[in-house]
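Step one of this worksheet: look at the structure below.
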Amino acid sequence: MTTATLAVNAVNPSINLAALNVPATVVVFDTTPAAQPSAFEQLKSLESARISWETVELAQSNNRLYGILKQAYSFYLVMKQDADKEVRKAKLEAMEAFIADKGYTNSFGATTHDMTRVVKCVFGVDRRRVSAYSIALREALRQEVGADDLVAFLQENGGVEQIRMGGTKPLSATKRAELVKAEVSEAVISKVKFDAETVKANADWVDKQVVFVATYLPTGEFEVNAVVRHDGAVNTALAAYYTLAQAKKREQLNALKKAEEEAAKVQKSEAKAEDKAAKQIAKTAQEIAEKAQAVKATEAFNNVFVTETQATEQLQAEFA
């Protein structure tokens, strides 16, 4: 090897892959910048993310929150309304002990609602949250909402924040109408056919709902005064039907609740009476048993005394 060759190799060192029987593969990387989404596509992507968040993450978070609020609401109802005085007392004492343990005692005034105290126990030192949740639960309490119906109540009225800011948010007339439209359509009370000249209905009226303005007569009949085909009038009538139906349902639930409470009181009273009778029977039986035992003991003593007396008399006779 010449000096020149050595110099070249030193300056340009290389590995002969072919000589080593190693295949040479050339990898070409695409260095072209990736196409950026348009502003419209960015907004579309953000919208999809928001929808996913609302329907999955936010919904799950709200459901969990409402579940906790339901349990807190139930705790309060038991503490205040349970038929058993001892159960109510135990709940109240547990709440007061928890408040003392957490150092919350000075957080309340003399007029602080007990619902606020319960909420404070659950949600801690965040005053704004405690206030909002307490307002929502007290509104449910004011409307006599049962514990099992609390979640539906919160959802139907726009959530905790809506209730806090402006009280319950009633369903719109359109929404109420939608909820009962199918139900009313299936409830056929009667069929009426008017003279074509009196009510000028046509094919466009087919399967459409209308409103009858009628007067109830002393004969038990309805006198139809007008037929109104107007979507607004129909929605108003259906919304009124929904409101009346809900009021009737609440009355029935309250009546059922009161009946259950009365039945529970009667059952508890009967159980106490039975328990008292059972205790009296047991006491009487114990007294009888004790008397019988005393009689037996007396008889045994007398028998021993008689035996000893007879033995003494016999001995005296023998020595006489």
Side-chain angles (χ1 to χ4, degrees), residues 67-102 104-105 108 110-122 137-138 140-151 153 248-320:
I68 295 172
L69 289 175
K70 176 183 174 181
Q71 293 177 24
Y73 188 70
S74 179
F75 185 98
Y76 175 89
L77 292 181
V78 172
M79 185 175 72
K80 293 295 185 178
Q81 301 177 4
D82 194 90
D84 192 328
K85 181 180 179 180
E86 294 302 318
V87 172
R88 298 197 305 270
K89 181 181 178 182
K91 289 285 186 181
L92 178 61
E93 290 177 349
M95 181 189 72
E96 292 175 344
F98 189 91
I99 289 172
D101 180 68
K102 290 293 183 179
Y104 296 156
T105 304
F108 308 118
T111 60
T112 300
H113 200 286
D114 279 344
M115 183 69 81
T116 303
R117 298 175 192 272
V118 173
V119 173
K120 178 77 172 178
C121 288
V122 178
L137 295 186
R138 279 183 282 151
L141 186 66
R142 185 185 70 81
Q143 297 194 30
E144 298 183 348
V145 176
D148 291 338
D149 300 322
L150 179 69
V151 174
F153 170 81
K248 184 177 181 181
K249 185 183 295 184
R250 284 195 296 271
E251 289 178 0
Q252 292 173 340
L253 289 174
N254 287 336
L256 178 60
K257 181 180 178 181
K258 289 180 180 178
E260 290 176 346
E261 289 176 352
E262 289 299 322
K265 288 180 181 178
V266 171
Q267 186 177 7
K268 183 179 178 181
S269 178
E270 291 176 348
K272 284 185 176 179
E274 291 176 358
D275 183 57
K276 184 177 179 180
K279 288 181 178 179
Q280 184 60 44
I281 292 172
K283 182 179 180 181
T284 302
Q286 184 177 1
E287 289 175 351
I288 293 173
E290 289 175 352
K291 287 181 179 179
Q293 188 174 3
V295 170
K296 288 181 179 180
T298 302
E299 290 177 351
F301 175 79
N302 290 338
N303 290 336
V304 171
F305 179 77
V306 169
T307 302
E308 289 180 351
T309 301
Q310 291 175 347
T312 301
E313 291 176 350
Q314 185 177 359
L315 287 173
Q316 289 176 351
E318 291 176 356
F319 286 104

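FYI, side chains are in, hydrogens and waters are out, and symmetry mates aren't considered; it's all heavy atoms of this structure.
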Do any pairs count as a salt bridge (Lys or Arg N to Asp or Glu O under 4.0 Å) and have a residue in residues 111-121, sequence neighbours left out, and if so which ones? Lys80-Asp114, Asp114-Arg117
Does a side-chain heavy-atom distance below 4.5 Å link Tyr76 with His113?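 Yes. Closest side-chain heavy atoms under 4.5 Å.
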At their closest point, which heavy atom of [X] faces which heavy atom of [Y], and how far apart are they?
| X | Y | answer |
| --- | --- | --- |
| Val122 | Ala72 | CG2-CB, 4.2 Å |
| Thr116 | Phe108 | O-CE2, 4.4 Å |
| Leu150 | Tyr73 | CD2-CB, 3.7 Å |
| Met115 | Leu141 | CE-CD2, 4.3 Å |
| Ile99 | Thr105 | CG2-N, 3.6 Å |
| Tyr104 | Cys121 | CE1-CA, 4.4 Å |

List the residues meeting side-chain contact (heavy atoms from CB on, under 4.5 Å) with [X], not counting sequence neighbours, and say none if there are none.
| X | answer |
| --- | --- |
| Leu92 | Met79, Met95, Glu96 |
| Glu290 | Gln286 |
| Thr284 | Gln280, Ile288 |

Has Lys268 got more than 12 heavy atoms of other residues, nucleotides or ligands less than 6.0 Å from its NZ? yes
Counting only heavy atoms not in Glu287, do more than 12 sit closer than 6.0 Å to its CD atom? yes
Does anything in residues 270-279 form a side-chain hydrogen bond (donor to acceptor under 3.5 Å, both in side chains)? List the pairs, not counting sequence neighbours.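 Listed by first then second residue: Asp275-Lys279.
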Looking at residues at least two apart in the chain, or sitting in another chain, which of them share a side chain to side chain donor-acceptor pair (under 3.5 Å) with Asp82? none
